[in-house]
Amino acid sequence: MTVRAAESRDIEILLSINEAAVPGVNSLKTQELADLIAMSASTLVAEREGRPAGFVLCLNETADYDSRNFLWLKQKFERFFYVDRIAVSPDARGLGLGEKLYEALIAKIGPEGAKAGAPLTCEVNERPPNPGSLRFHKRLGFLEVGQQDLGDKAVVYLAHELYPALAAAAENA
């Protein structure tokens with residue numbers, strides 16, 4: 001398994017991986033995914049047997065993104081990195097690809113994030129429930145920094161504990 005930056009040739013397979021992960025992530029059209037990748041701080045692809053098998057898409061606070069979750073985090077943090085989605089193809093789940101994607105992402109943004117006090121954030125659905133994702137993120141060192149009931153769904157916001165901004169954010173949650 002290798003992790004590399006996403007390329008334009010990956011878009012269709014990344015879209016199929018994304019759609020197989022719904023409702024853990026929201027459904028997208030090809031152009032929506034391409035737009036997110038274009039505005040991302042980093043989009044990484046995990047390859048298995050030479051083919052994309054998972055990806056993580058991370059934005060920072062400068063993204064022009066109207067997601068309710070992104071906007072909530074923007075109100076809480078001056079600087080942050082936001083994992084908009086992480087998805088692994090069904091045939092590659094349970095092989096550690098998600099953890100490898102996070103390790104590569106943290107290695108890439110870690111120095112910049114730590115220097116700026118910018119946490120690595122995400123949200124996990126509580127309604128509809130996604131207990132596997134919540135366990136996964138907590139095992140990787142993410143801590144809860146807030147919750148929000150959005151009517152059609154409810155989410156818990158998480159931030160990676162390695163970043164100095166986390167303690168202050170957790171106190172203000």
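- Under the 4.5 Å side-chain criterion, counting only non-hydrogen atoms from C-beta, R48 is in contact with D91.
- With sequence neighbours excluded, the residues satisfying side-chain contact (heavy atoms from CB on, under 4.5 Å) with Q31 are A34, D35.
- The two residues K74 and A63 have their closest heavy-atom pair at NZ-O, 4.1 Å.
- Using a 4.5 Å heavy-atom cutoff, the side chains of R68 and K153 are in contact.
- Nearest heavy atoms, R93 versus A20: NH2-O, 3.4 Å.
- In this structure, I17 and G54 approach most closely via the heavy-atom pair CD1-N, 3.7 Å.
- The CG atom of D64 sits 8.0 Å away from atom CG of D66, with the distance rounded to the nearest 0.5 Å.
- The cluster map of Ile, Leu, Val, Met, Phe, Trp and Tyr, joined by side-chain heavy atoms under 4.5 Å apart, puts L73 and V25 in different clusters.
- Contact check for L59 versus M39: side-chain heavy atoms found under the 4.5 Å cut-off.
- A donor-acceptor pair is defined here as one N or O able to donate and one able to accept, closer than 3.5 Å; such a pair exists between the side chain of H160 and the backbone of L140.
- The backbone N or O of P23 sits less than 3.5 Å from a side-chain atom of N125, completing a donor-acceptor pair.
- Distance check: I106 CD1 to L101 CG gives 11.0 Å after rounding to the nearest 0.5 Å.
- Annotation for G98 and I86: closest pair O-CD1, 3.7 Å, computed over non-hydrogen atoms.
- With hydrogens and angles ignored, the 3.5 Å screen pairs a side-chain donor or acceptor of S89 with a backbone N or O of A53.
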Report task. Go through F81 and T121 one step at a time and tell me if the side-chain contact (heavy atoms from CB on, under 4.5 Å) criterion holds. Result -> CA-CA 6 Å; F81 290 93; T121 64; 6.0 Å; no

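- For the pair V3/E47, no side-chain contact is recorded, criterion being any heavy-atom separation below 4.5 Å from C-beta on.
- By the 30° and 60° cut-offs, the orientation of the rings of Y102 relative to F136 is tilted.
- Side-chain atoms of L33 and I11, non-hydrogen and from C-beta on, do get closer than 4.5 Å to each other.
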Report task. Just do the salt bridge (Lys or Arg N to Asp or Glu O under 4.0 Å) check on E99 and R139 with the steps written out, would you? Result -> CA-CA 10 Å; E99 190 167 346; R139 183 173 54 80; 3.0 Å; yes

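- At a cut-off of 3.5 Å, with distance as the only test, a side-chain donor of Y157 or Q148 sits close to an acceptor on the other residue.
- A salt bridge does not link R51 to D10: none of the charged nitrogens lies less than 4.0 Å from a carboxylate oxygen.
- Considering every non-hydrogen atom in both S27 and N18, the closest pair reads CA-ND2, 4.1 Å.
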Report task. Report the C-alpha distance between N69 and L150 in whole Å, list the side-chain angles of each, state the deciding distance to 0.1 Å, and finish with yes or no for side-chain contact (heavy atoms from CB on, under 4.5 Å). Result -> CA-CA 9 Å; N69 296 314; L150 301 165; 3.8 Å; yes

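- Considering only heavy atoms from C-beta on, S42 comes within 4.5 Å of L44 through its side chain.
- In terms of the ring-ring contact (aromatic ring centres under 6.0 Å, His included) criterion, F55 has no residue partners (sequence neighbours excluded).
- E19 contributes atom CD, which lies 8.5 Å from atom NZ of K29 (distance to the nearest 0.5 angstrom).
- Under the ring-ring contact (aromatic ring centres under 6.0 Å, His included) criterion, F70 pairs with Y65, F80, Y82, not counting sequence neighbours.
- Under a 4.0 Å N-O distance rule, the pair R127/D149 qualifies as a salt bridge.
- Between R85 and V56 the shortest side-chain heavy-atom distance does not fall below 4.5 Å.
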Requested in this report: Give the C-alpha distance, both sets of side-chain angles, the deciding distance and a yes or no for side-chain contact (heavy atoms from CB on, under 4.5 Å) between V83 and L57.
Outcome: CA-CA 6 Å; V83 174; L57 192 150; over 6 Å; no

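- The existence of a salt bridge linking E61 and R79 is confirmed by a sub-4.0 Å separation between a basic side-chain nitrogen and an acidic carboxylate oxygen.
- Annotation for L120 and C58: closest pair CD1-SG, 4.1 Å, computed over non-hydrogen atoms.
- Looking only at side-chain heavy atoms (C-beta outward), L158 and V124 come within less than 4.5 Å of each other.
- We find the CG-CD distance between L14 and E7 to be 10.0 Å, quoted to the nearest 0.5 Å.
- The CD atom of E123 sits 9.0 Å away from the OG atom of S133 when rounded to the nearest 0.5 Å.
- With hydrophobic clusters built from ILVMFWY side chains whose heavy atoms lie under 4.5 angstrom apart, V22 does not share a cluster with V88.
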